[in-house]
2 protein chains.
Amino acid sequence: MKTQEAHSGLRERKKQRTRDALLRSALELFTTKGYDRTTVDEIAEAVDVSQRTFFRYFTSKEETAFAVQDMVESRFVTLLRERPAADSPFEALRGAVLDAWDTLGEPIEEVVPVELHMRTYQMIESTPSLIAVHLRRSTELEEEIARVIAEREGLDVEADLRPRVTVAAFSGVMRMAGRLWGAGEDISVESIREVTESYLDQLGPVLAGKWRTE
Amino acid sequence: MKTQEAHSGLRERKKQRTRDALLRSALELFTTKGYDRTTVDEIAEAVDVSQRTFFRYFTSKEETAFAVQDMVESRFVTLLRERPAADSPFEALRGAVLDAWDTLGEPIEEVVPVELHMRTYQMIESTPSLIAVHLRRSTELEEEIARVIAEREGLDVEADLRPRVTVAAFSGVMRMAGRLWGAGEDISVESIREVTESYLDQLGPVLAGKWRTE
DNA sequence: TGTCAACTGTCAGTCGCTGTCATTAGCCTC
DNA sequence: GAGGCTAATGACAGCGACTGACAGTTGACA
């Protein structure tokens with residue numbers, strides 16, 4: 001899934017270049033023409049390969065839309081695991097997301113410009129068929145995150161509700177933030193980082209029963 | 001969307017019968033062969049109409065899978081609105097779901113046997129492409145429910161976080177219950193009602209910070 | 001350099017879904 | 001109750017996502 005530079009013959013490099021080119025072209029087309037109005041044939045044509053070849057790199061048109069998200073998410077999980085053991089579950093989650101936003105370029109820049117990824121994210125948030133897939137992927141990620149949290153705390157995910165409940169609350173807020181950001185004007189990373197942070201900071205008080213913020 | 005009996009000429013009745021037949025055949029095929037392995041042609045053939053006619057009754061194959069859910073959900077919203085004003089938001093939600101399960105037959109029996117609907121629900125919970133759609137539909141329903149709650153409490157949904165947060169927590173638990181039920185053996189209404197109730201009853205203590213249940 | 005395996009293109013076909021147009025069949029009026 | 005109106009349907013053609021099969025091309029490596 002990641003860009004591999006090392007141990008590569010000409011063949012490997014060529015493959016990587018084709019994949020990257022397909023991905024970039026796809027996202028560029030999606031964000032300019034719209035996902036539904038972009039055909040796989042157009043994507044393939046833009047890179048000058050056959051449609052059949054496209055389907056050898058990506059199992060579906062959908063997959064291209066989420067390929068970069070995939071990289072970002074797995075980075076998030078890594079960052080979460082690296083959090084100091086002293087952090088509470090919520091602090092760890094909060095810290096990992098903010099870290100992830102602050103260093104967004106690292107995992108993806110080599111494949112796709114950050115700005116294109118942001119446009120892609122916004123496009124996903126405004127395309128019904130992709131929203132559906134996005135939500136399903138999110139629940140799968142939630143499951144993984146809950147396991148990491150349980151591990152950190154030395155708990156059994158199946159027996160103890162707390163990891164899943166914590167993650168569910170956290171994810172709910174993240175989804176809300178994503179939706180709000182997607183509906184807004186400012187497409188920048190700074191913007192979503194800011195929205196994320198302020199929403200997360202409201203979660204604690206709300207759960208604690210403090211309804212009034214002032 | 002609902003079964004209309006009154007003010008019907010032969011034409012209306014015939015249409016209704018065709019729609020019901022298509023729906024029943026579709027769900028029957030989905031639950032026996034699997035959603036992906038049944039084609040629209042098969043559904044149409046089973047009712048002896050052309051494939052084109054199928055698409056005049058349902059905008060997509062997906063729609064048939066959720067047609068009954070739709071009826072159940074709108075019934076739930078109605079029940080929620082009818083809850084006594086004295087109920088707290090959570091009590092109202094809890095009461096409405098349990099009511100809905102207890103009288104499941106009323107809204108749907110005329111169109112589809114309850115048992116078929118239960119099998120359909122389970123099938124949705126175990127079909128990735130439908131899980132995605134299910135989640136998106138759920139978030140749309142959540143939005144509606146949040147508005148009802150806000151109305152009940154005389155609050156502004158946009159300004160006050162509480163309605164949405166409450167509904168988000170409630171829905172999260174409902175989804176968990178649905179998933180658990182779908183993975184289990186017992187397909188009965190009683191079974192899911194029971195799972196729902198016990199999960200909901202755990203939510204209060206968990207949110208209040210009581211981690212130990214004993 | 002030649003052999004092998006990986007990669008790719010071409011083609012044909014399935015399935016979901018849509019537009020078009022001719023035909024059928026309730027419905028309504030005179 | 002014959003005839004006209006219109007909703008409902010069927011038949012057909014076509015698009016786009018996706019797959020399987022087969023043949024041609026091109027790196028890898030002895």
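These values consider heavy atoms only, across backbone and side chains, with no hydrogens, waters or symmetry-generated copies. Chain letters run A, B, ... following the sequence lines, proteins first, then strands; residues in each count from 1.
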Practice item. Please state how far atom CD in E12(B) lies from atom P in dC27(C), giving the value in whole angstrom units. Key: 8 Å

Review point. Is I108(A) close to V114(A) at the side-chain level, that is, under 4.5 Å between some pair of heavy atoms?
Key: yes

**Study point:** Test: K61(A) cationic atom under 6.0 Å from F55(A) six-membered ring centre, within 45° of axis
**Key:** no

Exercise for review: Determine, for E143(A) against R164(A), whether the closest basic-nitrogen to carboxylate-oxygen distance falls under 4.0 angstrom.
Suggested key: yes

Review point. Between dT18(C), dG10(D), dT10(C), which one does the side chain of S50(A) approach most closely?
Key: dT10(C)

Practice item. Select base, sugar-phosphate, or nothing to describe what F54(A) touches, counting heavy atoms under 4.0 Å on all strands. Key: nothing

**Study point:** Identified side chain to side chain contact (heavy atoms under 4.5 Å, CB included) partner of F30(A) from the options L130(A), D36(A), T38(A)
**Key:** T38(A)

Review point. Any donor-acceptor pair under 3.5 Å joining the side chain of R13(B) to the base of dG26(C)?
Key: no

Review point. So, is Y57(B) near the phosphate of dT9(D), with a side-chain N or O under 4.0 Å from OP1 or OP2?
Key: yes

Review point. Roughly, in whole Å, what's the span from CD in Q16(A) to P in dC7(C)?
Key: 12 Å

Check your understanding: Just how far, in rounded Å, is C1' of dG26(C) from CZ of R17(B)?
Key -> 13 Å

Review point. Is the CG atom of D156(B) crowded by more than 12 outside heavy atoms at less than 6.0 Å?
Key: yes

Point to revise | Nucleotide dG14(D), atom C1' - distance to CZ of R52(B) in whole Å | key: 12 Å

Check your understanding: Just one of E82(A), E144(A), R147(A) clears the side chain to side chain contact (heavy atoms under 4.5 Å, CB included) bar with V77(A), so which one?
Key -> E144(A)

Point to revise | Side chain to side chain, T139(A) and L135(A), heavy atoms closer than 4.5 Å | key: no

**Study point:** Rounded distance (Å) that lies between atom C1' of dG16(C) and atom CD of E62(B)
**Key:** 11 Å

Review point. For dC15(C), does OP1 or OP2 lie under 4.0 Å from any side-chain N or O of K61(B)?
Key: no

Exercise for review: Using atom NZ of K14(A) as one end and atom C1' of dG9(C) as the other, report the distance to the nearest whole Å.
Suggested key: 14 Å

Revision key, fill the gap. Within residues 31-49 of chain B, those residues having any heavy atom closer than 4.0 Å to DNA chain C are T38(B), T39(B), V40(B)

Study note, to complete from the structure: Between CZ of R11(A) and C1' of dC4(C) the distance, given in whole Å, is 10 Å

Review point. What integer distance in Å separates R56(B):CZ from dG16(C):C1'?
Key: 16 Å

Exercise for review: Would you classify T53(B) as touching base, sugar-phosphate or nothing, given that sugar-phosphate means primed atoms plus P, OP1 and OP2, and contacts are heavy atoms under 4.0 Å?
Suggested key: sugar-phosphate

